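Letters go in sequence order (proteins before strands), and every chain restarts at 1. Model, not experiment: these values are computed from the prediction.
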There are 2 protein chains.
Amino acid sequence: MGRNRATLADVARKAGLSKTAASMVLNGREGTRLSAEAHQRVFAAAEELGYRPNLAARSLRTRKTATIAFVSDIVATTRFAGDLIRGALDAARERDHVLLITETQGDATFEQYAIEAVLDRQVDGVIYAAMATRRLTVPAAILGGPVVLLNATSPDGLPSVVPDDEGAGRSVATALLELGHRDAIALIGRNRLKEDDPEVSLAARARLHGIRQTLDEAEVGLLAECFCTEWLPEHGYAAMRGLLSKPRRPSAIICMNDRLAFGAYQALGEAGLTVPEDISVISFDDDPIAAWLRPSLATTALPHEQMGRRAVELLLDGGAVEPSLVAMPLRRRRSLAPPPG
Amino acid sequence: MGRNRATLADVARKAGLSKTAASMVLNGREGTRLSAEAHQRVFAAAEELGYRPNLAARSLRTRKTATIAFVSDIVATTRFAGDLIRGALDAARERDHVLLITETQGDATFEQYAIEAVLDRQVDGVIYAAMATRRLTVPAAILGGPVVLLNATSPDGLPSVVPDDEGAGRSVATALLELGHRDAIALIGRNRLKEDDPEVSLAARARLHGIRQTLDEAEVGLLAECFCTEWLPEHGYAAMRGLLSKPRRPSAIICMNDRLAFGAYQALGEAGLTVPEDISVISFDDDPIAAWLRPSLATTALPHEQMGRRAVELLLDGGAVEPSLVAMPLRRRRSLAPPPG
DNA sequence: AGTGGTCGCTAAACTGATTTAGCAGAGCAT
DNA sequence: ATGCTCTGCTAAATCAGTTTAGCGACCACT
C-alpha cells in the first residue's frame with residue numbers, strides 16, 4: 001500500500017530548502033522567519049509531488065496519531081450501533097481524525113486484547129461505548145489517556161454521554177395527558193432487573209421515573225403495569241393480551257420500547273381493536289419499525305448519531321465532566337389520539 | 001495515551017544484550033544463533049517491564065501496520081452493516097489485525113478524504129464495502145495495494161465477496177414447490193431499476209433469475225408480479241392490497257425482501273386473512289423483524305457476518321479472483337404451509 | 001572598529017523499532 | 001603457526017518525519 005510516495009526530503013530537495021524548512025512550512029508553524037518565497041516554493045513542490053506525510057513517522061516523533069479508538073461491547077446486534085458509529089465518524093472527520101473500531105463482545109479476554117491492540121497503535125483517546133445505556137467499569141489500562149464513555153456512565157466520574165431517558169419519560173407522559181388520557185393509561189415493560197441494576201440498564205429506571213413524575217404532578221395513576229422479562233415483541237404481545245383480558249380496557253399504552261409496542265400492535269390487531277381510535281400507543285427508541293408500523297408509532301428517539309458525535313467532541317475538545325445528556329426528541333405519529341368516548 | 005512505556009532498548013539493557021538480539025528474540029526469528037539462555041533473559045525482561053512494541057516505530061521500518069481499512073458507502077442506515085463489520089472484526093482479530101473504519105456517504109469528496117486518511121496511515125489493505133449488493137468502480141488511489149470488494153463487484157476484476165442471491169431465489173421457489181404450491185404463486189417487488197442497473201443492485205436480478213429458473217424447470221408460471229418503486233413496507237402493503245383485489249387469490253407470496261413482506265402481512269391482517277393457512281409468505285434478507293412477525297416469516301438470510309469475515313480472509317490470506325459467493329441459508333419459519341383446499 | 005540584534009535558514013539529534021553487515025573468540029585442520 | 005569455519009552476538013544504518021540549537025550575513029548603533 002502506498003509505495004513510492006514522495007517524502008518530505010523529496011519536497012525539500014525540489015524546493016531547494018532543508019527538511020526543516022519544508023516541515024515548518026507545511027505545518028504552518030508561526031514565528032518561523034522563512035520568506036514568503038520559501039513558502040511558495042515548498043507548497044509548489046509538495047503539490048507537484050503529490051506529497052502526503054507518512055503518519056507513522058510523524059506519530060513516532062509527536063506521539064499523536066489523529067486516531068481515536070472506538071471500543072464497544074457489541075457493535076453488531078443492535079440496529080442502533082451504526083448510528084452511534086456514524087455520528088462519531090462524522091465528528092472525527094471534521095477534526096481530521098479517524099476511528100479504529102474494536103469490539104469486546106462482553107468478553108474479558110477479547111476486551112484485554114482490544115485494549116492492547118489500540119494502545120499499541122498509540123491512539124489519541126478512547127471512546128468506550130455500551131450498546132445498552134448502563135453503568136460500567138472501564139479497564140484500568142486505558143486510563144492513561146483521554147477516555148469518554150458513550151451510552152454509559154462509570155463510578156470513576158469519567159466524562160460520559162447518555163440519552164436523556166428521564167426527559168423522554170416526561171415527554172411520553174405529557175403527550176398522553178395533553179390528549180386527555182387520564183386514568184386509563186397502562187404501562188408495558190416493567191422489569192425489576194433493568195430498573196434496579198444500573199449495570200444492566202440505566203434507561204428503564206430513568207424512563208419510569210420520568211413517566212411517574214409527570215403523571216404524579218397531574219395526579220394521575222397508572223391503570224396497570226405489566227412486567228416483561230425481556231423487551232421483545234413476544235413479551236409485548238403477551239402483556240397486551242393480558243391487559244385486554246381485564247375488565248377495564250386502557251385508553252392508552254406506554255411501552256418501554258418499540259419492540260414491545262410492535263408486539264402490542266399484534267395483539268391489538270388480533271383482538272380487532274384499532275390504533276389509535278380504540279387505544280393510543282406510544283413508546284421509546286424510534287426503532288426503524290416504528291415508522292413502518294400501521295398506523296405509524298409515536299415514540300421518543302434515541303439520538304444515537306448525536307451521541308456519537310458528542311462523544312468525539314468531548315474527547316477532542318474537552319468539556320463538562322458531569323454526564324452529558326442528549327435530548328430524546330418526541331416523534332409524534334399516528335398512533336396517538338384522544339381517548340375514545 | 002501510553003506514556004512511559006518500556007522500549008526495546010529498555011528490554012535489551014535489562015537482559016544485558018543488544019537491541020538487535022532483543023528484537024530478534026521477540027520476533028521469534030529463525031536461524032539466529034542466539035543462545036537459549038539469551039532467549040530466556042529477553043523474555044523475562046520483556047515480561048517484567050510489560051514491554052509492548054511501539055507499532056508506529058515498527059511500521060515506519062516494515063511498512064506494515066496490521067491495520068485494515070474498512071471503507072464503505074453507508075455504515076449506518078442499514079441494520080446489516082453491523083454484521084458485516086462484526087464478521088470483519090472477528091476475522092481481523094484472529095489474525096492480529098485491527099480495523100480502521102471510514103464512511104464515504106456516497107459523496108465523492110468524502111470518499112477522497114476517506115481514502116487519503118487511510119492511505120496516510122499505511123494500512124495493509126482496503127476492504128471496500130457497499131451496503132446494497134451492487135457493481136461499482138473503486139477509486140484508483142487504493143489500487144496501489146490489496147483491495148477486496150465486499151457486497152460488491154467491480155469491472156476491474158478485483159477479488160470480491162457477494163451473497164448468493166440467485167441460490168436464494170432457487171431456495172425460495174423450491175420451498176414453495178415442495179409444499180405443493182403451483183399456479184397461484186405471486187411475486188411482490190419487481191423493480192426495473194434494481195433489476196437492470198447493476199450499479200443500483202445486483203441482488204434483484206439474481207433473486208429473480210433464481211426464482212424464474214426453478215419455476216420454469218417445474219413448468220410453473222407466476223400468477224402475478226407486482227412492481228414496487230422501493231422495497232419498503234408501504235410498497236409491500238400496497239402491492240398486497242392490489243393482489244387481493246383481483247379475482248384469483250394467490251396461495252403463496254414471494255417478497256423480494258422482508259420489509260415488503262412486513263407490509264404484505266399488514267394488508268393480509270386487515271383483509272382478515274391468515275398466514276399461512278390462507279396464504280404462505282416467504283422472502284429474502286432475514287431482517288430481525290422476520291423473526292418478530294406473527295407468524296414468524298420464512299426467509300433467506302443475508303450472511304453478512306460471514307461475508308465480512310470472508311473479505312478479511314481474502315485480503316490477508318489471498319485467494320480466488322472470481323467473486324466469492326456466500327450461501328444464503330433458508331430460514332424455515334411459520335409463514336409456510338401447503339396451499340389451502 | 002567592534003558589538004549586538006535580527007533575519008533566513010540548516011545540521012543534526014531524536015522518536016523506537018528492524019535489518020544489514022560484520023566482529024571476536026573458539027575449534028579444527030593443515 | 002596459519003587459515004578457515006562456525007558460534008554468538010553487536011554497531012550502525014535505516015525508516016520519515018519533528019524539533020533543538022545555532023550559523024552566517026546583514027544592519028544599526030556606539
Point to revise | OP1 or OP2 of dG16(C) under 4.0 Å from side-chain N/O of R63(A) | key: yes
Point to revise | Rounded distance (Å) that lies between atom C1' of dT19(D) and atom CG of L8(A) | key: 13 Å
Polar-atom pairs under 3.5 Å, protein N or O versus N or O of nucleotides 11-14 of chain D: list them with distances, or write none.
residue, atom, partner, partner atom, Å
dA11(D), N6, T20(B), OG1, 2.6
dT14(D), O2, R61(B), NE, 3.4
dT14(D), O2, R61(B), NH1, 3.3

Point to revise | Distance in angstrom units between K64(A) NZ and dT15(C) C1', rounded | key: 15 Å
Practice item. Please determine if D120(A) and R5(B) form a salt bridge, counting it only when a charged side-chain N lies under 4.0 Å from a carboxylate O. Key: yes
Practice item. Round to a whole Å and report the spacing from CE of M24(B) to P of dA21(C). Key: 12 Å
Study note, to complete from the structure: Which of Q40(A), R41(A), H39(A) passes side-chain hydrogen bond (donor to acceptor under 3.5 Å, both in side chains) with E37(A)? Answer is R41(A)
Review point. Is there a side-chain polar atom (N or O) of R58(A) under 4.0 Å from OP1 or OP2 of dA16(D)?
Key: no
Check your understanding: Is the closest basic N to carboxylate O distance between E305(A) and R309(A) below 4.0 Å?
Key -> no
Review point. So which one's nearest nucleotide on DNA chain C is more toward 5', A21(A) or A56(B)?
Key: A21(A)
Practice item. Under 4.0 Å between any heavy atoms, over every strand shown, what does T62(B) touch: base, sugar-phosphate, or nothing? Just pick one. Key: sugar-phosphate
Point to revise | Presence of S35(A) side-chain N/O under 4.0 Å of dC9(C) phosphate oxygens OP1/OP2 | key: yes
Revision key, fill the gap. DNA chain D nearest-nucleotide lookup for G16(B) and L60(A): closer to the 5′ end is G16(B)
Point to revise | Qualifying residue for side-chain contact (heavy atoms from CB on, under 4.5 Å) with H97(A), from D124(A), V312(A), L315(A), L89(A) | key: D124(A)
Check your understanding: CZ of R41(B) versus P of dC9(D): gap in Å, rounded?
Key -> 7 Å
Check your understanding: Which residue, P323(A), S154(A), S324(A), P159(A), forms the side-chain contact (heavy atoms from CB on, under 4.5 Å) with L149(A)?
Key -> S154(A)
**Study point:** Interatomic distance where CG belongs to L55(B) and P belongs to dG16(C) [whole Å]
**Key:** 13 Å
Point to revise | Distance, rounded to the nearest Å, where D10(A) contributes CG and dA16(D) contributes P | key: 9 Å
Review point. Nearest-Å distance, CZ (R121(B)) to P (dG17(D))?
Key: 14 Å
Review point. At under 4.0 Å, does any side-chain N or O of R29(B) touch on OP1 or OP2 of dT19(C)?
Key: yes
Check your understanding: Under 4.0 Å between a Lys/Arg side-chain N and an Asp/Glu carboxylate O for D73(A) and R134(A)?
Key -> yes
Review point. Heavy atoms under 4.0 Å, any strand shown: does L17(B) hit a base, just sugar-phosphate, or nothing?
Key: sugar-phosphate
Check your understanding: So what does R33(B) touch, heavy atoms closer than 4.0 Å: a base, only the sugar-phosphate, or nothing?
Key -> base
Practice item. For dC15(D), take OP1 and OP2 only and decide whether either is under 4.0 Å from a side-chain N or O of N54(A). Key: no
Point to revise | Stacked cation flag R93(B) on F110(A), 6.0 angstrom / 45 deg | key: yes
Review point. Can you name the closest pair of heavy atoms from I85(B) and L99(B) and give their distance?
Key: O-CD2, 4.4 Å
**Study point:** Whole-Å gap separating P (dC7(C)) and CD (E37(A))
**Key:** 18 Å
Practice item. Answer with base, sugar-phosphate or nothing: what part of the nucleic acid does A38(B) contact at a heavy-atom distance below 4.0 Å? Key: sugar-phosphate
